[in-house]
Enquirer: 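What follows is a single structure, and I will ask about it in a moment.
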Amino acid sequence: RFVWDYIKDGLTPEQAMKAPVRVFGYEMVYIPKDKHYVGDPKGPDGPDNALYVYPNNGAYLIGSEEPILVDKQDGALFCDQDNPRSRDDTPFTIPKAFPKGFRPFWIMKYELTSQQFCDFLNTLTRKQQQSMVEADISGDEIKNYYVKTNSEEEHLRNAIVAAKKGNRTAEPVRFYTYAPARTVNFMSWSNIASIGDWSGLRPITELEYEKACRGPGEALLNELAWGVSMDDTANIGRVETFDGADGSGYEKKVPQKGVVNACFGGGIAPFDVGKKEKPDNPGFEGPVSGEVFENLRVEGVPERINDGASYYGVRNLSGNVWERCVTIGHELGRAFDARHGDGELDADGYSNAANWPGKDGAGAGNRGGVWSSPEPKYLRIALRFAANFPKSEDGKNSGCRLGF
């Protein structure tokens with residue numbers, strides 16, 4: 001049951017009775033109010049561009065939502081800048097309104113799935129849908145019916161499709177997927193912002209990302225989202241294939257013994273393109289379903305490590321697809337003030353939420369590593385080598401996870 005003020009929306013009682021009503025839901029995890037650390041104990045000697053207490057005093061404790069100075073000043077928050085994707089020039093201040101993870105918030109337990117993206121697309125007008133996909137969907141026939149990758153066949157496990165024919169030209173297109181629980185990739189920042197605005201949620205910040213991973217405990221050296229160090233190789237294992245219907249949400253990981261808790265090491269990493277002709281680990285290339293690790297509990301393996309779960313139980317915060325976060329490293333990111341979407345998009349399908357990074361993605365970046373990351377070191381939660389990387393276009397590694 002729900003209450004709808006249909007008169008406020010301009011409908012008569014007769015129109016309201018005939019209106020189609022659809023309900024969508026994302027499973028969310030509550031992150032309580034608490035202090036938390038960001039960065040790595042090794043500071044400037046830790047993961048690339050990790051946050052730390054200047055000059056070299058380990059991870060930084062966030063104990064309130066008060067403004068934070070980022071500067072080369074004893075006791076201040078700082079991070080190095082080995083490339084422009086880390087941050088603006090210092091000094092700058094992270095404003096009080098910017099969500100730092102101290103206040104309570106909600107975060108999606110799993111990354112957005114193929115079915116959830118189809119559900120979103122299927123509520124839009126034809127014009128709005130065109131802005132959210134890459135294939136030309138203006139005609140009755142859609143040649144490249146894998147609409148996110150603009151291709152006639154599956155590419156890197158993106159499973160969003162439309163019918164080849166019979167789409168007419170004015171009515172909304174109907175989108176489908178044959179892998180409903182598989183995490184959807186090729187998400188542009190405009191996709192993420194539009195889904196956030198449409199759903200009444202919002203993007204998360206990179207400081208909230210670290211809180212969701214680590215919880216209130218001390219930061220570990222080279223820490224991964226399931227609470228172990230990258231150096232503890234016995235508690236890291238990559239999924240190689242699946243037992244059951246791939247993308248169903250019920251499939252189980254393979255190998256089915258030992259520690260298998262992350263999706264990484266598939267394909268050729270972007271920085272290795274041109275250097276390698278074939279992947280180090282032949283097999284599937286792309287993201288997995290969020291539930292694949294928890295669907296099989298291996299005896300003797302602690303539950304959190306088995307599931308690849310964060311302190312609060314959030315899945316796949318290390319590996320699978322990029323966590324696209326609002327960054328502290330750009331002035332447009334620092335303008336973000338945690339307001340959530342209002343359910344309304346513009347006529348072209350884009351978000352019109354105030355103080356969010358815009359369609360070009362300036363003010364957003366990437367955290368957490370991806371399926372094509374060749375080694376566990378790229379999955380470390382303090383790693384910020386692309387934390388201020390807009391990447392507005394669809395990318396094979398980009399997913400969507402929202403908060404509130």
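These values consider heavy atoms only, across backbone and side chains, with no hydrogens, waters or symmetry-generated copies.
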Enquirer: Does either side chain, that of Asn122 or that of Asp119, offer a donor lying less than 3.5 Å from an acceptor on the other one?
Expert: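 Per modelled atom types, Asn122 and Asp119 side chains form no pair under 3.5 Å.
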Enquirer: Using only heavy-atom distances, determine whether the side chains of Asn222 and Arg380 contain a donor-acceptor pair under 3.5 Å.
Expert: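 Per modelled atom types, Asn222 and Arg380 side chains form a pair under 3.5 Å.
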Enquirer: Determine whether the aromatic ring centres of residues Trp198 and Phe120 are separated by less than 6.0 angstrom.
Expert: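 Distance test on ring centres: under 6.0 Å, yes.
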Enquirer: Hydrogens and angles aside, do Glu251 and Ser289 bring a side-chain donor and acceptor to less than 3.5 Å of each other?
Expert: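 Judged by distance alone, the side chains do pair up.
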Enquirer: Where do Ala269 and Pro374 come nearest, in terms of heavy atoms and distance?
Expert: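 Taking Ala269 first and Pro374 second, the nearest heavy atoms are CB-CD, 3.7 Å.
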Enquirer: Decide, yes or no, whether a salt bridge links Asp48 with Arg384 under the criterion of side-chain N to carboxylate O below 4.0 Å.
Expert: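 No, this pair does not count.
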Enquirer: Parallel, tilted or perpendicular: which fits the ring planes of Phe242 and Phe284, with parallel below 30° and perpendicular above 60°?
Expert: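 Rings of Phe242 and Phe284: tilted, 30 to 60°.
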Enquirer: Can you confirm whether more than 12 heavy atoms, excluding those of Arg297, are under 6.0 Å from its CZ atom?
Expert: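 For Arg297, atom CZ is crowded (more than 12 foreign heavy atoms under 6.0 Å).
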Enquirer: Using a 3.5 Å distance criterion without hydrogens, assess whether the side chain of Thr177 forms a donor-acceptor pair with backbone atoms of Gln115.
Expert: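 Absent.
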Enquirer: Cut-off 3.5 Å, side chains only: do Asn144 and Asp136 have a donor facing an acceptor?
Expert: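 Their side chains do not contain a donor-acceptor pair, so the 3.5 Å distance test is not met.
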Enquirer: Taking Arg334 first and then Asp88, would you say they form a salt bridge - that is, a charged N and a carboxylate O separated by under 4.0 Å?
Expert: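 A salt bridge links Arg334 with Asp88.
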Enquirer: Does any N or O in the side chain of Asp346 come within less than 3.5 Å of the main-chain N or O of Gly349, such that one atom is a donor and the other an acceptor?
Expert: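 At least one qualifying donor-acceptor pair exists.
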Enquirer: Taking only Lys NZ, Arg NE, NH1 and NH2, and the carboxylate oxygens of Asp or Glu, determine whether Glu208 and Lys211 approach each other closer than 4.0 Å.
Expert: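 No, this pair does not count.
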Enquirer: Can any side-chain N or O of Glu27 pair as donor or acceptor with the backbone N or O of Met108 at less than 3.5 Å?
Expert: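 Checked: no pair found.
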Enquirer: Quick check: does any side chain N or O of Ser351 sit under 3.5 Å from a backbone N or O of Asp197, one acting as donor and the other as acceptor?
Expert: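 No, the answer is negative, given that no donor and acceptor are paired below the 3.5 Å cut-off.
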Enquirer: Is it true that a side-chain atom of Asn316 and a backbone atom of Asn320 form a donor plus acceptor pair closer than 3.5 Å?
Expert: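 Judged by distance alone, no pair lies under 3.5 Å.
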Enquirer: Just how far is it from atom CZ of Phe389 to atom CG of Asn83, taken to the nearest 0.5 Å?
Expert: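 Going from the CZ atom of Phe389 to the CG atom of Asn83 covers 9.5 Å.
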Enquirer: Using a 3.5 Å distance criterion without hydrogens, assess whether the side chain of Gln128 forms a donor-acceptor pair with backbone atoms of Tyr350.
Expert: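 Between the backbone of Tyr350 and the side chain of Gln128 there is no qualifying donor-acceptor contact (under 3.5 Å).
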Enquirer: Taking Glu323 first and then Arg367, would you say they form a salt bridge - that is, a charged N and a carboxylate O separated by under 4.0 Å?
Expert: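 Answer for the salt bridge query: no.
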Enquirer: Examine distances only and state if a side-chain atom of Arg157 and a backbone atom of Pro287 form a donor-acceptor pair shorter than 3.5 Å.
Expert: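 Looks like yes, one N/O pair under 3.5 Å.
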Enquirer: Name the residue from Asn191, Val184, Asn185 that meets the side chain to side chain contact (heavy atoms under 4.5 Å, CB included) definition with Lys148.
Expert: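 The residue from Asn191, Val184, Asn185 that satisfies side chain to side chain contact (heavy atoms under 4.5 Å, CB included) with Lys148 turns out to be Asn191.
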Enquirer: Find the distance between CG (Asn306) and CH2 (Trp226) and round it off to the nearest 0.5 Å.
Expert: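 Answer rounded to 0.5 Å: 11.5 Å.
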Enquirer: Does any N or O in the side chain of Lys143 come within less than 3.5 Å of the main-chain N or O of Lys164, such that one atom is a donor and the other an acceptor?
Expert: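 No; zero donor-acceptor contacts below 3.5 Å.
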Enquirer: Does a donor on one side chain and an acceptor on the other come within less than 3.5 Å for Asp360 and Trp189?
Expert: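 Note: Asp360 and Trp189 side chains miss the donor-acceptor criterion.
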Enquirer: Distance from Ile268 atom CD1 to Asp280 atom CG, nearest 0.5 Å?
Expert: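 CG of Asp280 is found 8.0 Å from CD1 of Ile268.
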Enquirer: What heavy-atom pair brings Ala362 and Pro390 nearest, and what distance separates the two atoms?
Expert: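 Of all heavy-atom pairs spanning Ala362 and Pro390, the closest is N-CB, 3.8 Å.
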Enquirer: Between Arg339 and Asp337, is the closest basic N to carboxylate O distance under 4.0 Å?
Expert: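 Yes, Asp337 and Arg339 are salt-bridged.
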Enquirer: Indicate yes or no: does Glu154 engage Arg182 in a salt bridge with an N to O separation below 4.0 Å.
Expert: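 Judged by the 4.0 Å cut-off on N to carboxylate O distance, Glu154 and Arg182 do form a salt bridge.
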Enquirer: For Arg214 and Tyr311, indicate whether the former's side chain and the latter's backbone hold a donor-acceptor pair under 3.5 Å.
Expert: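 Looks like no, no N/O pair under 3.5 Å.
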Enquirer: Parallel, tilted or perpendicular, judged at 30° and 60°: which one describes the rings of His155 and Phe186?
Expert: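 Tilted.
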Enquirer: Working to the nearest 0.5 angstrom, can you tell me the gap between Glu291 CD and Asp307 CG?
Expert: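 Result: 11.0 Å between the selected atoms.
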Enquirer: Keeping the roles fixed (side chain from Arg87, backbone from Ile328), state whether a donor-acceptor pair exists under 3.5 Å.
Expert: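 Answer holds: no.
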Enquirer: Could you check whether Asp348 pairs with Lys127 (Lys NZ or Arg NE/NH1/NH2 to Asp/Glu carboxylate O, under 4.0 Å)?
Expert: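 Between Lys127 and Asp348 there is a salt bridge, with a charged N closer than 4.0 Å to a carboxylate O.
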